Amino acid sequence: MRIAGRARPAGGTARRPLSAVTRLDRLADAILADTGRRALHPDGHWQRSPNDPALDAALLLPPLRGLLSAGDPRTRATLRAYTAHLTDGYYAYRFRHDDRPLSKAEGAFLLCGFVTALAEHQQGHEIDAYRWFERNRAACGAPGLFAEEYDVALRRLLGNLPQAFVHALMLEASARLAHPTATARTQPRPM
């Protein structure tokens, strides 16, 4: 016998269907588990893909958007690896193009600098978060507009101008940094 288009389970009672939210939560958990098995670098940080062990600034976003907790060891390891390998002087780069110095391959990506400020803030590294924020906030043009990239050596804007995504992240970072995290530290973290 069928009830509302579904087969009745043995025992005569119908099971309630899972809510859409529950189904999506389970799907997200399954995707995260699979990604954790296939795209976790041996050093414990996330990598670009199962076949590409490189780092990428986009790997900082899942914890900021709620997929992972700030306390997840993979979150912390990814932030440490990213700041060690893809940043220079509180300027952030998307990914490593080749063996050239980061600033020779492309300009610093201001969006990545604000994402790094948010990631440091989420970890409770308030002083570092402010340093990231202020360094990248200062890289705007005379009318206060941000471009996509910033040439650190020549101190000039590169790429699309204005860049709406950079402005959006700058506003988000300024709002979040106005409220210290519960785990805020008053000293910068050791490098």
Side-chain angles (χ1 to χ4, degrees), residues 18 21-99 101-102 105-106 108-137 165-166 168-191:
L18 295 175
V21 171
T22 301
R23 286 193 318 271
L24 291 174
D25 279 346
R26 287 184 180 177
L27 177 61
D29 290 342
I31 291 170
L32 179 59
D34 182 57
T35 304
R37 282 190 298 278
R38 299 176 17 175
L40 196 63
H41 191 273
D43 291 342
H45 62 78
W46 293 108
Q47 60 187 42
R48 288 179 87 178
S49 75
N51 300 322
D52 185 352
L55 287 161
D56 191 302
L59 299 170
L60 299 177
L61 288 170
L64 295 175
R65 299 300 178 237
L67 179 63
L68 297 166
S69 74
D72 187 304
R74 299 168 297 188
T75 297
R76 291 180 174 157
T78 302
L79 178 58
R80 278 193 310 271
Y82 177 77
T83 56
H85 299 289
L86 289 176
T87 67
D88 185 22
Y90 293 95
Y91 288 111
Y93 297 84
R94 295 180 302 165
F95 53 85
R96 185 168 289 286
H97 290 269
D98 48 38
D99 292 335
L102 291 167
E106 68 180 358
F109 261 68
L110 299 177
L111 181 132
C112 299
F114 290 122
V115 167
T116 306
L118 288 169
E120 292 284 10
H121 175 70
Q122 185 183 50
Q123 290 299 314
H125 306 148
E126 297 301 316
I127 292 174
D128 288 312
Y130 296 136
R131 286 178 177 162
W132 280 102
F133 178 82
E134 289 300 330
R135 172 57 57 111
N136 288 272
R137 184 191 60 78
F165 294 117
V166 175
L169 261 295
M170 187 276 299
L171 292 171
E172 179 183 350
S174 65
R176 286 196 191 191
L177 268 59
H179 305 286
T181 61
T183 59
R185 294 183 353 183
T186 57
Q187 299 296 317
R189 68 183 172 94
M191 295 301 273

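Heads up: numbering here begins at 1 and tracks the sequence. Side chains included, hydrogens not; waters and symmetry mates left out as well; all remaining heavy atoms used. Computed from a predicted model, the values in this text were never measured in an experiment.
Interatomic distance, CG of Leu118 versus CD of Gln122, reported as 8.5 Å (0.5 Å rounding). Note that OH of Tyr91 is 14.0 Å distant from SG of Cys112, once rounded to the nearest 0.5 Å. Distance check: Leu64 CG to Arg176 CZ gives 6.0 Å after rounding to the nearest 0.5 Å. One finds the NE2 atom of His121 at 8.5 Å from the NE2 atom of His179 (value rounded to the nearest 0.5 Å). If you take CZ on Arg80 and OG1 on Thr75, they are separated by 10.5 Å, rounding to the nearest 0.5 Å. Between Thr83 atom OG1 and Asp88 atom CG the span is 12.0 Å, to the nearest 0.5 Å.
Under the 4.5 Å side-chain criterion, counting only non-hydrogen atoms from C-beta, His85 is not in contact with Arg96. At a threshold of 4.5 Å between non-hydrogen side-chain atoms, the residues Gln47 and Leu40 do not count as touching. Contact check for Phe133 versus Glu120: no side-chain heavy atoms found under the 4.5 Å cut-off.
Looking at Ser69, its side chain does come within 3.5 Å of a backbone N or O of Asp72 through a donor-acceptor pair. Proximity of a side-chain donor or acceptor of Thr22 to a complementary backbone N or O of Leu18 within less than 3.5 Å is not detected. Under a 3.5 Å cut-off, the side chain of Tyr130 and the backbone N or O of Leu177 do form a donor-acceptor pair.
For Asp29, the CG atom is densely surrounded, since the number of other residues' heavy atoms within 6.0 Å is greater than 12.
By the 30° and 60° cut-offs, the orientation of the rings of His41 relative to His45 is parallel.
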Exercise. Could you check Phe109 against Tyr93 for ring-ring contact (aromatic ring centres under 6.0 Å, His included), going step by step and ending with a plain yes or no?
Key: CA-CA 5 Å; Phe109 261 68; Tyr93 297 84; 8.3 Å; no

Self-check item: Pair Asp52-Phe95, side-chain contact (heavy atoms from CB on, under 4.5 Å): steps then yes or no
Solution: CA-CA 12 Å; Asp52 185 352; Phe95 53 85; over 6 Å; no

Quiz prompt | Stepwise side-chain contact (heavy atoms from CB on, under 4.5 Å) check, Met170 with Asn136 | solution = CA-CA 9 Å; Met170 187 276 299; Asn136 288 272; over 6 Å; no

Quiz item: Could you go step by step and tell me if Asp56 and Tyr82 meet the side-chain contact (heavy atoms from CB on, under 4.5 Å) rule?
Solution: CA-CA 7 Å; Asp56 191 302; Tyr82 177 77; over 6 Å; no

Self-check item: Residue pair Arg94, Leu86: steps toward the side-chain contact (heavy atoms from CB on, under 4.5 Å) verdict
Solution: CA-CA 7 Å; Arg94 295 180 302 165; Leu86 289 176; over 6 Å; no

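A salt bridge links Asp34 to Arg37: one of the charged nitrogens lies within less than 4.0 Å of a carboxylate oxygen.
Between Ala117 and Ala129, the closest heavy-atom pair is O-CB, 3.4 Å. Residues Ser49 and Ala39 come closest through the heavy atom pair C-CB, 4.1 Å.
Each of Leu68, Leu60, Leu55 was checked for a side chain to side chain contact (heavy atoms under 4.5 Å, CB included) with Trp46, and the lone residue meeting it is Leu68.
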